[in-house]
Amino acid sequence: MSKPNNQGGASGFSRISPAALLFPFLFIGVWYVAAGLAGNETTFPSPVTVGKIILAEARSGALFIHVGATLARVAAAFVIAMAVGCAIGLWMGRNRGINRWGDPWLVFFLNMPALVTIVLCYIWIGLTEAAAITAVAINKIPMVAVMMREGARTLDPGLNDMARVFRMTPAARLAHVVIPQLAPHFASAGRAGIALIWKIVLVVELLGASTGVGFQIHTYFQLFDVGAVLAYALSFIIVMLVVEYLILQPWERHASRWRNAG
Amino acid sequence: MSKPNNQGGASGFSRISPAALLFPFLFIGVWYVAAGLAGNETTFPSPVTVGKIILAEARSGALFIHVGATLARVAAAFVIAMAVGCAIGLWMGRNRGINRWGDPWLVFFLNMPALVTIVLCYIWIGLTEAAAITAVAINKIPMVAVMMREGARTLDPGLNDMARVFRMTPAARLAHVVIPQLAPHFASAGRAGIALIWKIVLVVELLGASTGVGFQIHTYFQLFDVGAVLAYALSFIIVMLVVEYLILQPWERHASRWRNAG
Amino acid sequence: SPIRGPIQAADPDPIRIAVLKFGTVNWELDTILHNGLDKANGFTLEVKPLAGSAAAKIAFEGGEADILVSDWIWVARRRATGADLVFLPYSKSVGGVMVAGNSPAQTLADLKHSKIAIAGGPLDKSWLILQAYALKNGMDLKTSTEQVFGAPPLLHQKALTGEFGGIVNFWHYLARLEAKGFRTLVSVNDAARDLGLDPDIPLLGYVMKGDFVREHADRVRGFAAASRAAKKILEEDDTAWERLRPIMKAEDDAAFEKLKAGFRAGIPDGQAVDPDAAARFFNLMAQLGGEQLVGTATTLPDGVFVDVGGW
Amino acid sequence: MQVEVRHKKFGGAQILDWIEMSVGAGEIVALTGPSGIGKTTLLRIIAGLDRDFEGAVTDPGRIAMVFQSPTLMPWRSAADNLRLTTGAERASIDRLLDEVGLEGKAKFFPGQLSLGQQRRLALARALAANPATLLMDEPFISLDEETAARMRRLTMKVLEGRRIATLIVTHDLVEAATLADRVVMLGGRPAAIETIVPITTPRARRDAVTEAAALRALTPGGAGNAHGNLT
Amino acid sequence: MQVEVRHKKFGGAQILDWIEMSVGAGEIVALTGPSGIGKTTLLRIIAGLDRDFEGAVTDPGRIAMVFQSPTLMPWRSAADNLRLTTGAERASIDRLLDEVGLEGKAKFFPGQLSLGQQRRLALARALAANPATLLMDEPFISLDEETAARMRRLTMKVLEGRRIATLIVTHDLVEAATLADRVVMLGGRPAAIETIVPITTPRARRDAVTEAAALRALTPGGAGNAHGNLT
Ligand SMILES: Nc1ncnc2c1ncn2[C@@H]1O[C@H](COP(=O)(O)OP(=O)(O)OP(=O)(O)O)[C@@H](O)[C@H]1O
Ligand SMILES: Nc1ncnc2c1ncn2[C@@H]1O[C@H](COP(=O)(O)OP(=O)(O)OP(=O)(O)O)[C@@H](O)[C@H]1O
Ligand SMILES: [Mg+2]
Ligand SMILES: [Mg+2]
């Protein structure tokens with residue numbers, strides 16, 4: 001048992017690292033220099049140009065409408081996909097029979113092109129938000145399921161036995177035996193998941209929405225307005241960075257503090 | 001320690017399950033009935049229609065050219081992304097300092113829309129295969145890194161200490177201590193990875209390639225020929241099912257046989 | 001309450017059209033809306049902006065839009081499979097193959113062994129006509145050049161940096177290239193004429209479902225009239241263009257002028273489409289594009305071109 | 001609690017032969033036998049963790065178990081490890097932690113405890129569970145003699161007067177003789193019951209002398225020294 | 001091998017006080033002390049696994065360690081667990097497996113072994129490593145007396161004539177007295193060396209009688225019975 005130095009007892013949340021706080025400056029600096037070297041505002045706009053576009057879009061309100069619309073879709077699809085995906089993944093990971101029958105379907109849906117699912121959802125359900133979110137969820141569920149299934153397979157049988165012997169309730173087992181072990185898988189499914197979902201939402205918005213970051217990015221791409229494309233892409237990335245540092249990482253630190261304390 | 005029933009000693013590879021072998025029939029059956037109920041060949045072609053298109057495309061040779069091209073891109077991008085992503089992920093998972101500085105970049109690239117990376121790669125590198133594969137790899141690497149980082153964080157410190165005390169060589173540690181622990185994370189990164197890569201390859205082929213399944217899907221999609229779109233999507237899914245059952249699963253069974261034997 | 005306002009006249013029935021947000025059709029649609037041509041012709045125009053042509057097709061197939069902009073070859077293909085779609089001409093603008101101003105190429109033959117960018121994919125109609133034209137003049141364009149397919153804006157940008165020997169793109173991209181000093185090597189109109197085809201057949205148009213046309217003949221007729229009226233304004237009135245300038249996204253005056261000229265050149269003459277000429281055109285397309293392009297239609301099916309009377 | 005194992009195999013190898021034993025409520029039975037004979041396997045069968053055997057377990061009731069390795073939830077504090085498994089209340093958890101010598105360590109994660117402390121926590125968990133059947137797989141190893149003695153006393157105190165059927169696996173014959181009412185020795189391959197030694201002295205009167213006698217009775221060679229002969 | 005720990009803290013709590021000891025080549029030192037005092041911590045410091053302390057470890061050379069829990073690679077067979085860590089050859093692996101009573105289990109995964117068998121495998125690994133310093137954290141627990149005695153004999157045989165500095169943590173004073181040349185007892189909080197008892201009888205001549213004498217010398221109360229007093 002390794003016991004790296006650390007305070008005894010369980011400590012709480014900690015702060016955002018200075019490295020993360022420095023990142024925006026570092027990033028903009030690198031970008032500024034690179035853009036200067038490239039010297040082509042059309043294909044490689046400088047951060048100043050893009051910043052101005054972001055400001056202009058924000059002032060007109062368009063930015064918030066589109067980022068908001070995309071965020072709402074991402075959030076809805078994320079919640080659905082994680083819930084359903086985790087359930088399927090855990091079930092398949094713990095039950096060989098289910099896994100044997102479900103596995104080819106999982107592989108099938110995992111490799112179904114987003115485009116096809118999206119088109120079919122739009123055609124069958126209609127050009128509605130429900131269709132968009134369903135399409136994204138269908139794309140994402142198999143991935144979450146695959147990741148959680150791997151997690152479920154690695155569950156410590158010793159702890160499982162312990163929970164059985166002491167007749168822990170299903171809820172307690174889930175909360176105190178299963179989820180802590182799955183936390184790393186959950187974190188990577190969540191993180192990779194949001195990223196994937198947002199990529200799919202872009203396609204969804206390309207194919208059938210009149211709002212959203214994806215809609216804007218593709219519209220500006222038609223005009224080859226790289227600055228505006230980057231402005232929208234960046235706005236969303238900023239939102240995701242905020243989510244990462246204000247929600248995901250504190251949660252993760254909290255969930256894994258036993259590892260660093262032990 | 002749970003000891004479910006199993007043969008003593010380490011057993012070898014085992015066969016494809018009958019459930020998997022039955023899947024194609026089951027799947028086509030369900031599809032056939034659903035298509036019959038929908039009764040609209042344009043938006044929901046029957047398996048017979050799609051099968052005929054697959055056969056026709058195969059006979060003309062087009063199917064093999066395009067599936068081959070896509071497969072080659074997927075394979076190249078997969079190898080690059082897994083190698084680089086694993087290296088980055090392990091490094092970040094084991095080294096707090098690196099992680100602190102690298103983390104915002106990782107989040108940034110993780111949430112960079114595929115479209116943006118692809119377009120920029122095409123602009124800066126040129127409309128070449130290299131640009132296509134680079135674009136896909138850039139899209140995929142952060143995801144592999146995120147997943148492997150989580151894996152690296154869960155490495156058993158006890159075994160790590162053991163390896164240090166007994167002065168196992170770095171290669172031996174990697175092969176016998178690290179990789180077996182990461183196998184589940186590796187499997188889910190790989191499986192989710194191929195699926196993601198192939199989704200991105202579709203976008204890459206949409207934007208700037210002249211061969212490939214994505215190219216074909218988009219061409220037929222312009223014509224709104226859902227049958228042909230499904231034919232190409234399905235052909236690739238079949239390839240992925242074969243890869244899953246002939247390569248991934250036997251490897252996985254082999255890698256995890258200690259779990260089932262113990 | 002005792003005081004009531006005047007009873008609001010209900011809006012006339014809507015026509016929903018799915019278009020690219022910054023597509024050229026918007027210029028006409030915007031003019032219709034701005035001048036109230038829709039209400040004047042007994043319908044309310046609802047424009048659904050979308051981010052891609054695929055999106056528009058989905059909206060149309062999914063019943064979210066009544067009208068879609070596409071070409072009549074596709075309508076014919078769909079009709080052959082039993083879909084009841086009809087076509088109302090909108091524009092005869094087509095492109096051609098363009099080369100950089102300083103390119104030594106003077107004829108198609110000079111493009112031998114060079115890269116040609118084709119935005120519409122291997123089934124692009126301009127590309128097919130150019131191939132037929134080259135073949136007639138003793139050159140196999142497909143085998144003697146290297147084709148690069150890709151997204152139109154990307155190819156446009158790459159053309160500007162001189163990556164291709166020639167480029168075939170949608171007319172508004174080509175108009176922008178022209179403003180940048182590119183020149184047309186062979187125009188599709190010339191090529192078509194050389195092949196004995198009627199270059200005045202509008203390739204692009206408004207696509208509607210047959211049911212819709214039959215059930216709402218008045219509205220469709222009104223739409224056709226509004227379209228006609230908008231075109232007339234755009235043909236004659238330069239100030240109307242000044243108003244459109246923001247949505248045209250022209251990078252400079254030169255491009256603006258080229259786009260204006262291009263649009264005007266593409267306005268159809270208003271004559272009904274000659275079925276024989278169309279059939280000949282279709283046959284050539286069927287021959288060049290094969291089943292991939294025209295599907296099961298070997299000859300032009302009946303009823304592709306809608307007759308709205310007074311067109 | 002009765003258990004009857006007709007046979008138990010792992011893969012091809014038969015591990016347990018016919019084994020029949022019962023532990024009455026309030027009774028303490030010690031189970032001994034060489035390492036690898038199948039003691040843990042038998043305990044797992046009784047606990048219902050291994051159902052792949054021929055035979056039957058009757059009336060085990062609510063079970064608590066001290067596993068051979070501590071098997072704690074590493075992500076929960078020492079106190080939570082007790083609370084979540086047994087539902088014990090704060091006060092009794094604090095008292096129990098005190099009694100097993102973990103005072104002040106309620107908030108420690110298992111990884112911050114020494115192995116002996118983890119074992120004591122696992123012992124406390126089983127004692128707090130208030131079971132009908134208590135299975136203990138070498139509960140007192142990895143402890144210094146004084147602590148081990150304290151743990152034995154604690155265990156006896158908890159068991160006293162309650163109607164718990166207790167089965168303790170131990171390699172320490174003196175321990176077996178002092179704690180148990182009966183010592184069951186496994187032997188052979190596949191394993192079967194070799195000897196059953198009843199300890200008739202009442203628990204309260206067992207002391208060093210009785211132990212020594214018991215020890216002599218138990219060890220085949222009869223020598224008082226059970227520890228390593230190096231010569 | 002010398003170790004000098006000025007102090008060692010975990011978070012705020014100081015665990016080890018000034019501890020200075022050296023183990024000469026060929027010497028065997030037993031380390032005892034109550035559970036949770038800091039024995040494993042000291043071993044980890046010597047092994048170089050814990051560098052967060054004030055002090056220094058000099059000349060440990062190549063180290064082998066028997067960890068307090070077996071710490072085997074669960075995904076590698078018993079034979080591979082020996083081969084991959086020590087580089088030993090097939091023949092010597094087979095012999096060693098025989099000697100620790102794991103004959104015929106070379107291909108078993110650790111999960112298929114009983115805990116006692118796993119511990120013996122971990123012991124075999126340390127013995128096969130041919131180290132300059134051998135650290136053993138309770139190597140002979142969880143074994144029946146006969147097996148434990150066999151393991152002790154095997155260990156002494158391997159150590160005999162080699163210039164290995166050996167440090168054995170044990171709670172068993174008899175074991176300490178029979179094996180070691182010196183017994184170091186830790187005590188106090190923070191822990192420091194309390195007593196050092198040299199065992200002067202040559203190893204070959206230590207038998208039950210000497211042991212009993214040693215035992216009396218070691219246990220403060222002086223009573224011959226180190227086992228639990230239940231009264
Ligand atoms: N990471 C840690 N954080 C806080 N305290 C720790 C940590 N690791 C160990 N300790 C404390 O250090 C003390 C000594 O632990 P150590 O494992 O060295 O004991 P030990 O002497 O080996 O005991 P045992 O005989 O039970 O194995 C214990 O009281 C333990 O609680
Ligand atoms: N999954 C398994 N596959 C094959 N053999 C197994 C398996 N589990 C246990 N065994 C074998 O069963 C035998 C009994 O194991 P068990 O753990 O019950 O021993 P034990 O009596 O508890 O020994 P110890 O005192 O060392 O803990 C051992 O020889 C072991 O190798
Ligand atoms: Mg056991
Ligand atoms: Mg210890």
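Residue numbering restarts at 1 for every chain, and letters A, B, ... go by the order of the sequence lines.
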| query | Is any side-chain heavy atom of E/Ser114 closer than 4.5 Å to a side-chain heavy atom of D/Thr40? | reply | no
| query | Would you say D/Phe10 and D/Thr41 make side-chain contact, with heavy atoms under 4.5 Å? | reply | yes
| query | Taking all non-hydrogen atoms of both residues, which atom of D/Asp17 and which atom of D/Ala192 are closest, and how far apart? | reply | CB-CB, 4.2 Å
| note | Taking every heavy atom of E/Ala180 against every heavy atom of E/Val29, the minimum-distance pair comes out as CB-C, 4.2 Å
| Looking at E/Pro34, E/Gly101, E/Ser142, E/Gly38, which has the largest count of heavy-atom pairs under 4.5 Å with chain D? | E/Ser142
| Side chain, backbone, both or neither of E/Arg120 within contact of chain D (heavy atoms, under 4.5 Å) | side chain
Looking at [options], which makes the most heavy-atom pairs under 4.5 Å with chain E?
{"options": "D/Leu102, D/Ile141, D/Leu143", "value": "D/Leu143"}
{"options": "D/Ser35, D/Gly116, D/Ala148", "value": "D/Ser35"}
{"options": "D/Glu138, D/Lys157, D/Gln117", "value": "D/Glu138"}

| said: Set out, in order, the CA-CA distance, both residues' side-chain angles and the distance that settles side-chain contact (heavy atoms from CB on, under 4.5 Å) for D/Leu121 and D/Leu97, then state yes or no. | reply: CA-CA 7 Å; D/Leu121 187 57; D/Leu97 284 176; 3.7 Å; yes
